[in-house]
Protein chains: 2
Amino acid sequence: MLSESEYLASYDASRYPSPIVTVDSVLFTLHEQQLCVLLVQRANHPQKGWWGLPGGFIDMQHDASTRATALRKLQEKTGVVPPWLEQLETFSGPDRDPRGWSLTTAWYALIAQESCRSYSGDVSDAAWLPVNTVMQRKDIAFDHQTIITSALKRLRQKTLYTLLPVFCLPERFTLTQLQEATEAILGRPVQRKSLIRRFDSSEMFEETGESVATGARKAKLYRRRKEADVHNFTRNLMPAD
Amino acid sequence: MLSESEYLASYDASRYPSPIVTVDSVLFTLHEQQLCVLLVQRANHPQKGWWGLPGGFIDMQHDASTRATALRKLQEKTGVVPPWLEQLETFSGPDRDPRGWSLTTAWYALIAQESCRSYSGDVSDAAWLPVNTVMQRKDIAFDHQTIITSALKRLRQKTLYTLLPVFCLPERFTLTQLQEATEAILGRPVQRKSLIRRFDSSEMFEETGESVATGARKAKLYRRRKEADVHNFTRNLMPAD
DNA sequence: GAAATAGTGTCTTTTAGACAGTATCGG
DNA sequence: CCGATACTGTCTAAAAGACACTATTTC
């Protein structure tokens, strides 16, 4: 009869067959009112040359969790850490990767286009593709189209009861920018008044004191309060579709 | 330069180190108005003798996904498939399992106590423990307490905008049973009227035509309509806490 | 002052909360 | 008919939708 410590001393994980484990992220941003996703042209087999989500294998020496893996991979591609990163879902099965039974823990993230513009320029293998064009393409690796669809669905759902779109905006932003981000994500107009009511009651933001001119009356600039958590509203915007 | 097929022919997943991958499920049921979780006394190392969630390794020969693994393991313990099973979250890290860097895709499920009573009796290593007592215990394996807490949070949140508690009820049930299930999950009373309004508007249910006496006026029995999807309401029950 | 964008006021609509009232059953 | 449980009616409250209105800016 082995003791726990004897058992652990003799345990060798590599003796057991294991699925191929990866971590992938769907990083969203806004590019001229268009919701875009970061995709990377695959440098290696399998599906070399096709577009895939930024991600890869867990570095068990350095990653404290799959969140760390996701952040590391995103930082490699964009140079910065996104202000919002949330676990999406784990996709698995024998056929989603030609190498065999595989499993990927997918995350989704939001970032301001400005935060990573400089960096993403010099990595020629990465590109921001508009979400709606991604769905038509035939050169998306593995089941990444499914993952993107799932991420978009989650982002849209969550946009109905949070102010998540702010994470697509620069540090200082106007209400109009928030409205535009929300509309780009949902794909339909929202009532500005409703947005403002939520904005005020969320207590997530503060005025910077500055304002910017965008052609006519100046708009106030706001920023996220550092301590503030994301507020969950108890009803959805626009229940009817 | 390898072609894709040459690459795949020479690829051997077992050469690469991989985390320990498991699938675990939090199966909820109601036992005399109490929300309970199925736990299994661990027969093997590590943490032999401690209580853990029903789960285990993926059988890559037979499981088409981690959902299949979860269902297989639940069926082993209860003899039936739960009417609700949804992916919760994937937990990972170097320290959650003493054998090394590990990852578990956690699911949560709901079932009627009646559906598995006969079976769970003969497996002496499995037990239904009331959720609130589980939190106090010191003999819960790995991070399973964290997983249960997360599942409970999700179940409660979802109970605010769906009628998920019906999946804890037998095939035919009364509105009072639904109310009691909802209250057991949320841990506070709900307005029966609000529940009935949602029940009717969800179009998820149909009358069986029967009714049962529980001491006074007979209550109508309902059942889930087979085709009906779970309805998502656009506002939460009881926003204030 | 006209045009344009920013922001407010306020009425309507929807749906939950509260709770009184009615219905149906066993005794 | 009494008590108990099941169910309904209906008023109130909270927050979103709609949209007219005012404010500020540039020209």
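Throughout, protein chains are lettered first and strands after them, A, B, ... in sequence-line order, and every chain is numbered starting at 1.
- Taking CD of Gln41(B) as the start and CH2 of Trp50(B) as the end, the distance is 12.0 Å to the nearest 0.5 Å.
- Checked against the 6.0 Å centroid criterion, the rings of Phe91(A) and Phe142(A) do not qualify as a close aromatic pair.
- Rounded to whole Å, atom C1' of dC11(D) lies 11 Å from atom CZ of Arg197(B).
- As rounded to whole Å, 18 Å separates atom C1' of dA16(C) from atom CZ of Phe199(B).
- Atom CD in Gln179(B) sits about 14 Å away from atom C1' in dA18(C), given to the nearest Å.
- Between the CZ atom of Arg198(B) and the C1' atom of dT14(C) there is a distance of 13 Å, rounded to whole Å.
- Using modelled atom types and a 3.5 Å distance limit, the side chains of Thr66(A) and Thr105(A) yield no donor-acceptor pair.
- Both cation-pi conditions hold for Arg198(A) and Phe233(A): the charged atom is under 6.0 angstrom from the six-membered ring centre and inside a 45 degree cone around its axis.
- Summarising the geometry, the separation between CG on Leu195(B) and P on dG17(C) is reported as 10 Å, rounded to the nearest angstrom.
- Applying the 3.5 Å distance criterion, the base of dG9(C) shares a donor-acceptor pair with the side chain of Lys193(A).
- Taking atom NZ on Lys218(A) and atom C1' on dT26(D), their separation rounds to 11 Å, with Å as the unit.
- Rounded to whole Å, atom P of dG9(C) lies 11 Å from atom CD1 of Ile196(A).
- Put simply, CG on Asn236(B) and OG1 on Thr234(A) are 6.0 Å apart, with the number rounded to the nearest 0.5 Å.
- Side-chain atoms of Arg192(A) stay outside donor-acceptor range of the base of dG17(D), with no qualifying N/O pair under 3.5 Å.
- A residue-by-residue look at Tyr222(A) and Arg217(B) shows that Tyr222(A) has its nearest nucleotide of DNA chain C further toward the 5' end.
- When each of dA6(C), dT25(D), dA16(C) is scored by its nearest atom to the side-chain atoms of Ala216(A), the top-ranked nucleotide is dT25(D).
- Each of Ser211(A) and Ala219(B) was matched to the nucleotide of DNA chain D holding its nearest heavy atom; the match closer to the 5' end belongs to Ala219(B).
- Close to dT5(D), at under 4.0 Å from its OP1 or OP2, lies no side-chain N or O of Thr214(B).
- Side-chain atoms of Arg235(A) and base atoms of dA15(D) include a donor and an acceptor less than 3.5 Å apart.
- Regarding Met238(B), its CE atom lies at a distance of 11 Å from the C1' atom of dA16(C), rounded to whole Å.
- Between Ser194(B) and dT15(C) there is no side-chain N or O to OP1 or OP2 distance below 4.0 Å.
- Using a 4.0 Å heavy-atom criterion, one finds that Thr174(A) contacts no nucleic acid atom at all.
- Across the interface with DNA chain D, nearest-nucleotide mapping of Val212(B) and Gln191(A) shows Val212(B) to be the residue nearer the 5′ end.
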